[in-house]
Structure formats: C-alpha cells, structure tokens
Amino acid sequence: MCGIIGIVGHSEVNQALYDGLTVQQHRGQDAAGIMTCDQTGRFYLRKDNGLVKDVFHTRHMIRLKGSMGIGHIRYPTAGCSNSAESQPFYVNSPFGIALAHNGNLTNAQVLSDQLFKSDRRHLNTGSDSEVLLNILAHELQTSGKLKPQPEDIFKAVAQVHKRCKGAYAVVAMIAGVGMLAFRDPYGIRPAVIGKRETDLGTEYVVASESVAIDTLDFELMRDVQPGECIFIDMEGGFHSQQCAENPIKSPCIFEYVYFARPDSMMDGISVHKSRMRMGTKLAEKIKREFPDHDIDVVIPIPDTSRSAALQLSYDLGVVYREGFIKNRYIGRTFIMPGQQQRKKSVRQKLNAIDLEFRDKNVLLVDDSIVRGTTSQQIVQMARDAGAKKVYLASAAPPVRFPNVYGIDMPSPSEFVAHNRNVDQIAEELGVDWLIYQDLKDLVEAINKKSDVERFDTSCFDGDYITGDIDETYLYYIDALRNDTSKQSAEEGNVTIELHNDV
C-alpha cells in the first residue's frame with residue numbers, strides 16, 4: 001500500500017506536497033519522494049528510504065522548485081525494499097515523464113518482457129511502477145507530436161488500460177505540459193480530486209485520501225472515476241475523459257477496514273461512518289450468538305478499531321474504555337518488513353492500563369486479524385493486566401486469501417485463519433471466545449449510501465475481480481511474500497522470476 005499526491009498550482013508547491021505526504025504517512029513508512037517541475041520544464045527530485053520528515057530537510061526543500069509536482073510514500077512490498085525503487089520514477093523520452101503509483105500490476109512480468117522486446121525500453125528496477133511508467137511513455141510516443149494535447153494523453157491512457165492488468169492509481173507529470181491522474185478500470189485503489197481558488201487562478205490537487213485535500217485547504221471535488229483520466233495543464237486548465245471501455249467501480253474493501261484514515265472520504269464513503277456501522281453489525285451478531293454474554297468492558301486495539309469499538313459498546317450497552325496506551329513513535333505493525341521486527345514492535349508499541357482490565361471480562365475489538373502475531377501478544381497483555389476473561393471481536397471476516405492488488409499481505413500459510421475454523425483460531429490466539437464480522441454485514445456497513453457496484457473482497461473470499469488471477473500467479477506471489485523468502489531477499493538479494501508462459 002502506498003500514498004500518492006499531485007498538485008498543479010500558481011506558486012511553489014514543495015511545502016504543500018510535503019504536508020500532503022505527511023498526513024498520508026499511515027499508508028507507507030518505508031520510503032518517500034517528491035518531484036517538482038518549474039515553468040521551463042525542468043524536473044527536481046528528492047527521494048530516499050525513510051519517513052517523510054527524515055527524507056526531506058530544508059536543503060532538499062529549497063531545491064524542489066516549481067508550481068507543479070507529485071509525491072509518493074511507500075511501504076515495503078515483495079521484492080521492493082531499496083531506495084532505487086523509491087518513487088517517483090522518471091523517463092526522459094518522450095517529453096520527460098515522471099510517475100508515482102499506488103497498486104500492483106498483476107501482469108508486470110509479461111509487460112516487462114514486452115517493453116524490452118517490442119518497445120525497446122530498458123527497466124532499471126524490479127518495480128511494477130517503472131513498468132507502468134514505461135508503458136505510458138511508449139503510448140504517448142506514438143502521437144508523434146512535439147507537445148502532447150489532452151486528446152493524445154487520453155488516447156495513451158486508454159492504451160494503458162488495455163495493456164495493464166491489476167490495480168493502479170497514478171499521478172504523473174509531463175515536463176512543461178501538465179499533470180495527469182488516472183485509476184484502473186475497477187477503481188481498486190483510491191484517488192480524489194480537490195481544488196481551490198487563489199488570486200492567481202484555480203489550483204488542483206489529486207491524492208490517495210481526502211484528508212490530504214482537507215489539510216491543504218483545498219475543496220474536495222470528487223473521486224477520480226474508475227478508468228477515468230484527469231489532465232491539468234500548466235495554466236490550470238482542467239480536462240477529463242473516461243478512457244476505459246467497461247469501467248466497474250470496485251474499490252478495495254480493506255481500505256475502509258484498515259488502511260484509510262477515519263477522517264477520509266473515498267468513493268463517496270465516509271471511512272469513520274463505515275467503521276461505526278461495522279461496530280453495529282458486530283453488536284448484532286454478538287447478541288445473536290452470545291445473548292447471555294458477560295462482557296464488562298469493551299476496549300479497542302488502537303487506533304483503527306476505535307470507531308467500531310465505540311459504536312459496538314453503545315449498541316451492546318456495555319461500558320467503553322481505553323485500555324491500551326500507544327507509543328506514537330512506533331510504526332504500524334502490519335507493514336513492518338519482517339516477522340521478528342513485527343513481534344518485537346508490539347510490546348514497544350502498546351502498554352496496558354491495568355485498572356481497566358483487572359478482574360473484568362474484557363471484549364477486545366480489532367479492525368482485522370491477519371497473521372495473529374499482534375493479537376496473541378495483546379491478548380496476553382490483557383491477561384497479564386488481570387483480566388478474568390478475554391474475548392476478541394474482529395470488524396472484518398477471517399483473512400484467508402492473498403491480496404494481489406497492492407496490499408503486501410503475507411503468504412496464506414502464515415495467516416492465523418489458514419486451515420483453521422473459528423474455534424481453532426480462538427485457541428491459537430488464546431481468547432475465551434472469538435467473533436468475526438460476516439462478509440455480507442461488512443459490505444452492507446460500508447456500502448450504505450454509495451454508488452459502488454461491488455467491492456474487491458478477495459482477501460476474504462478469494463474472488464479476484466480482474467478475472468486474471470490463477471493458481472500459478474498465486475504461487476508466484478506466495479513465493480515472494482513468505483517470511484523465509486523476505487528474509488533471504490534482505491540478506492542476499494534473492495530474485496524470483498516469472499516467465500512469459502505463466
């Protein structure tokens with residue numbers, strides 16, 4: 001999972017890009033990058049591994065000149081953990097193009113071979129974002145024009161949609177021409193548009209989440225639609241066109257469960273309201289399955305589960321308490337690169353308030369349970385703090401299948417729900433009973449008032465909406481993502497190849 005931002009303004013945009021990345025830092029803590037463009041068409045770039053605040057210092061910000069720019073934050077994905085693969089990426093032909101991407105191309109290896117054999121383009125990294133950039137560059141080159149016009153850009157993006165499979169939300173710049181943004185035909189990964197009026201004219205911003213638009217004092221216009229391309233020229237002219245043949249709005253449901261900030265709006269859906277309704281659905285299920293429950297207190301596992309836990313406690317008529325204090329200087333454990341680091345970080349990240357647990361039957365609420373590593377330790381912390389019984393509720397169903405659209409979940413064999421029923425999972429986690437959200441209830445909680453046609457729920461049900469995922473690809477992903485492979489890659493730069501016949 002990554003975060004993107006792009007701004008076309010009438011004054012320097014470096015600080016706004018920095019601020020926009022900072023409020024989206026939850027989407028990735030591994031690397032950050034900003035590229036700007038001035039009126040002469042010259043690009044300026046700074047990117048490196050690390051948090052936004054550590055990558056950009058005053059000397060870097062001064063050099064990021066220009067009224068147009070894009071930015072990116074990344075968390076480590078399979079086979080992608082060095083600074084050379086930080087974004088934005090850049091190619092000089094044609095025109096000079098820079099690109100930042102959130103998502104995952106499921107046919108990246110096939111496209112990589114095509115780029116070399118047919119398009120005569122060289123790739124310098126193993127990143128699918130560089131593949132996407134070069135596909136876009138090749139399609140723009142076919143216009144044969146010295147300066148591409150909006151219709152040329154839309155035609156190129158239409159060809160990108162035909163060639164690229166998977167999930168992608170993109171911001172890109174063409175030197176001296178303007179900025180474009182587009183989403184895959186399913187709209188799996190998010191992108192929103194904002195604008196503001198200044199004395200010099202209208203300025204535009206595109207970002208992964210609306211929280212970036214709010215904090216930069218832009219007005220939220222709408223989402224970039226699935227398959228749509230937005231183009232904003234250097235003068236602030238706004239152009240848009242649907243570039244996909246059969247777009248179907250199918251955003252990733254895990255954005256609402258875990259990744260997005262609660263104060264964001266995505267595809268017309270309030271993340272906070274969605275999570276509150278998840279709490280209501282959980283409360284209804286508890287009343288059905290445990291009508292004689294003896295829960296004394298509801299305690300969220302911070303931070304993502306707070307909205308659901310608060311509403312659940314209200315609907316159950318059980319007191320809500322904050323029982324864990326979070327160290328704000330530790331990153332999100334889900335996106336820690338290795339299992340050993342993940343295990344170590346949980347105790348550093350959370351500390352229990354004993355008096356909220358002592359001699360009580362406690363219902364812990366989490367947004368989801370993936371490996372179960374974090375859950376096991378938190379359950380033990382609750383017992384160590386004096387809880388009589390520890391119950392656990394997940395606002396999402398069991399995660400049983402890999403996500404192939406940009407969320408670097410582990411190998412399915414490392415999921416705590418792998419080959420286990422709910423009672424067996426409860427025993428593995430060390431809880432007295434465990435309750436999961438039903439998938440139907442999760443979809444209803446999120447999609448109460450929106451025009452979303454369906455969600456990508458593949459990590460829960462194995463239904464991959466793009467229709468191109470088979471067992472061979474899942475085996476390839478599994479080989480990249482299991483902790484043994486990641487550790488070997490970190491130690492010895494292991495490369496796993498996928499051939500064209502896959």
* Do K65 and E12 have side-chain heavy atoms sitting under 4.5 Å apart? ->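 The answer is yes, as the side chains (C-beta and beyond) meet within the 4.5 Å cut-off.
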* Going through the checks in order, is the salt bridge (Lys or Arg N to Asp or Glu O under 4.0 Å) test met by D119 and R163? -> CA-CA 13 Å; D119 300 351; R163 296 182 67 177; 3.1 Å; yes
Spell out, as yes or no, whether a donor-acceptor pair under 3.5 Å connects the side chain of [X] to the backbone of [Y].
X	Y	value
S118	L115	no
D38	G41	yes
D367	Y258	no
Q242	A244	yes
D478	L474	no
S208	I4	yes
S450	N447	no
R189	C2	no
D263	V211	no
Q141	G144	no

* Between K162 and E139, does at least one N-O distance fall below 4.0 Å, as a salt bridge requires? ->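 The answer is no: the pair does not qualify as a salt bridge.
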* Does R454 pair with D463 as a salt bridge, N-O distance under 4.0 Å? ->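 Salt bridge between R454 and D463, a charged N being under 4.0 Å from a carboxylate O: yes.
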* Qualifying residues under salt bridge (charged side-chain N to carboxylate O under 4.0 Å, His left out), relative to D461, sequence neighbours excluded ->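 Scan of D461 (salt bridge (charged side-chain N to carboxylate O under 4.0 Å, His left out), adjacent residues dropped) gives none.
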Other residues, nucleotides, ligands: >12 heavy atoms within 6.0 Å of [X] [atom1]:
X	atom1	result
K249	NZ	yes
R222	CZ	yes
E453	CD	yes

Identify, with sequence neighbours excluded, every residue that meets side chain to side chain donor-acceptor pair (under 3.5 Å) alongside [X].
X	value
E197	T202
D54	none
D152	K145
S67	Q39

Would you check if there is a donor-acceptor pair between the side chains of [Y] and [X] at a distance under 3.5 Å?
X	Y	result
H26	E209	yes
Y405	T466	yes
Q15	D19	yes

* What ring pair (Phe, Tyr, Trp, His ring centres under 6.0 Å) pairs are there with at least one residue in residues 35-71, not counting sequence neighbours? ->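 Every ring pair (Phe, Tyr, Trp, His ring centres under 6.0 Å) pair that includes a residue of residues 35-71, provided the two are not neighbours, is F43-Y90, H57-H60.
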